[in-house]
Amino acid sequence: MEQLWEQMKMSLQKCERCGLCRTRTQAVWGVGNPRTRVLLVGEAPGKNEDEQGEPFVGRSGQLLDKMLAVVDLDRKRNIYITNIVKCRPPENRDPAPEEVAACLGYLREQTRILEPRIIVCLGRISATRIIDPGFKVTREHGQWVEKGGIHMMGTFHPAALLRNPGNKPAALADFLGLREKIRQLCPEVYEL
Ligand code: URA
């Protein structure tokens, strides 16, 4: 498993499946413990992520790490974090539907290898691709659905929380729900 994972991670750097390959510094595969059963999926790398090769390393990443810490989760220890799109869209625009479509195969492979019990979608772009095309974050955040044995929940994107801090308590409640779900479904994640 680890060999395949490493091979795919390396081959991503040569990816030319969409036009973002022409403007990226590097593709961003993900960060975390591949032995976890909890996968968090964001939107796409921004400027900092493109430079450093790791998801969520800017201000929104710091906020994400703080919320994760409240529920004893840590990107280095017991979760895995990636994005729907692995390369930075220029000017931080939303990824185009064809870019999402071109990239989705990588997330599918990652999911096949990790076999997560739980997926948390960070923000609309992720939740509409993974949970439901009509997903509305303000209305449906924190609600759990199950698909093919994987339990899924969408919550606010941390960058949206920086813009609208009034939603932070609701986001925190979603993370507390995540801790409960982990305790029910895969408590071993807290032993990692
Ligand atoms: N926003 C995202 O959705 N992903 C990142 O990796 C960084 C910011």
Side-chain angles (χ1 to χ4, degrees), residues 5 8-9 12-13 15 17-18 20-21 23-34 36 38-69 73-111 114 116 118-133 135-138 140-142 152-165 167-168 170-171 174-175 178:
W5 188 259
M8 286 180 20
K9 190 172 174 176
L12 177 70
Q13 294 305 331
C15 179
R17 290 183 193 175
C18 83
L20 296 180
C21 64
T23 47
R24 72 177 177 225
T25 306
Q26 58 191 311
V28 181
W29 174 254
V31 66
N33 183 346
T36 186
V38 180
L39 177 63
L40 276 71
V41 184
E43 179 178 323
K47 184 172 187 293
N48 297 300
E49 291 77 21
D50 173 72
E51 285 167 5
Q52 296 178 43
E54 182 172 327
F56 289 102
V57 288
R59 274 184 68 223
S60 64
Q62 287 167 13
L63 175 57
L64 177 61
D65 284 340
K66 271 195 207 162
M67 291 193 301
L68 289 169
L73 296 173
D74 179 334
R75 66 169 72 199
K76 295 273 182 304
R77 185 163 61 87
N78 53 9
I79 53 172
Y80 205 87
I81 308 178
T82 188
N83 286 305
I84 286 271
V85 166
K86 310 299 193 214
C87 296
R88 181 192 182 203
E91 324 295 340
N92 295 337
R93 62 165 168 77
D94 281 355
E98 63 273 18
E99 292 159 353
V100 173
C103 210
L104 220 46
Y106 289 112
L107 183 63
R108 284 207 187 90
E109 283 297 297
Q110 288 177 310
T111 308
L114 284 178
I118 292 176
I119 295 182
V120 177
C121 298
L122 300 169
R124 176 182 56 87
I125 300 271
S126 169
T128 53
R129 284 314 301 223
I130 296 174
I131 300 176
D132 172 6
F135 192 93
K136 293 271 182 297
V137 176
T138 45
E140 291 165 82
H141 70 89
M152 308 178 180
M153 178 267 281
T155 187
F156 300 88
H157 192 286
L161 292 176
L162 290 173
R163 286 191 301 271
N164 289 311
N167 285 328
K168 280 185 190 175
D174 295 347
F175 279 86
L178 169 62

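Each ligand, and each atom within it, is numbered from 1 in the order the structure gives. Just so you know, these numbers use all the heavy atoms, side chains as well, and skip hydrogens, waters and symmetry mates.
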Step-by-step side chain to side chain contact (heavy atoms under 4.5 Å, CB included) determination, Leu178 to Leu73:
CA-CA 10 Å; Leu178 169 62; Leu73 296 173; 3.7 Å; yes

- [ ] Could you check Cys15 against Tyr106 for side chain to side chain contact (heavy atoms under 4.5 Å, CB included), going step by step and ending with a plain yes or no?
- [x] CA-CA 10 Å; Cys15 179; Tyr106 289 112; 3.2 Å; yes

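Within the 4.0 Å heavy-atom criterion, the part of Ala44 lying near ligand 1 is the backbone and not the side chain. At a heavy-atom cutoff of 4.0 Å, ligand 1 is contacted by the side chain of Glu49 but not by its backbone.
The protein heavy-atom contact nearest to atom 4 (N) of ligand 1 is Asn83 OD1, 2.8 Å.
Distance alone, capped at 3.5 Å, places no donor-acceptor pair between the Arg24 side chain and the Lys86 backbone. A distance-only check finds a donor-acceptor pair linking the side chain of Glu140 to the backbone of Lys136 [under 3.5 Å].
Atoms of ligand 1 lying under 4.0 Å from at least one heavy atom of Glu43, given by number and element, are 2 (C), 3 (O). For ligand 1, the atoms sitting less than 4.0 Å from at least one non-hydrogen atom of Gly42 are 3 (O), numbered in the order shown with element in parentheses. For ligand 1 and Pro55, the ligand atoms under 4.0 Å from any heavy atom of the residue are 6 (O).
Taking any N or O of Phe56, backbone or side chain, at least one lies under 3.5 Å from an N or O belonging to ligand 1.
More than 12 heavy atoms of other residues, nucleotides or ligands lie within 6.0 Å of CZ in Arg77, so this atom counts as buried by the packing criterion.
Under the side chain to side chain contact (heavy atoms under 4.5 Å, CB included) test applied with Glu49, the options Val31, Asn83, Val57 reduce to a single match, Val57. Residue Ile79 is tested with Asn33, Leu68, Leu39, Val120 for a side chain to side chain contact (heavy atoms under 4.5 Å, CB included); the sole match is Leu68.
Proximity of His157 to ligand 1 is established by a heavy-atom distance of less than 4.0 Å. Ligand 1 lies out of reach of Ala159, whose nearest heavy atom is not under 4.0 Å from it.
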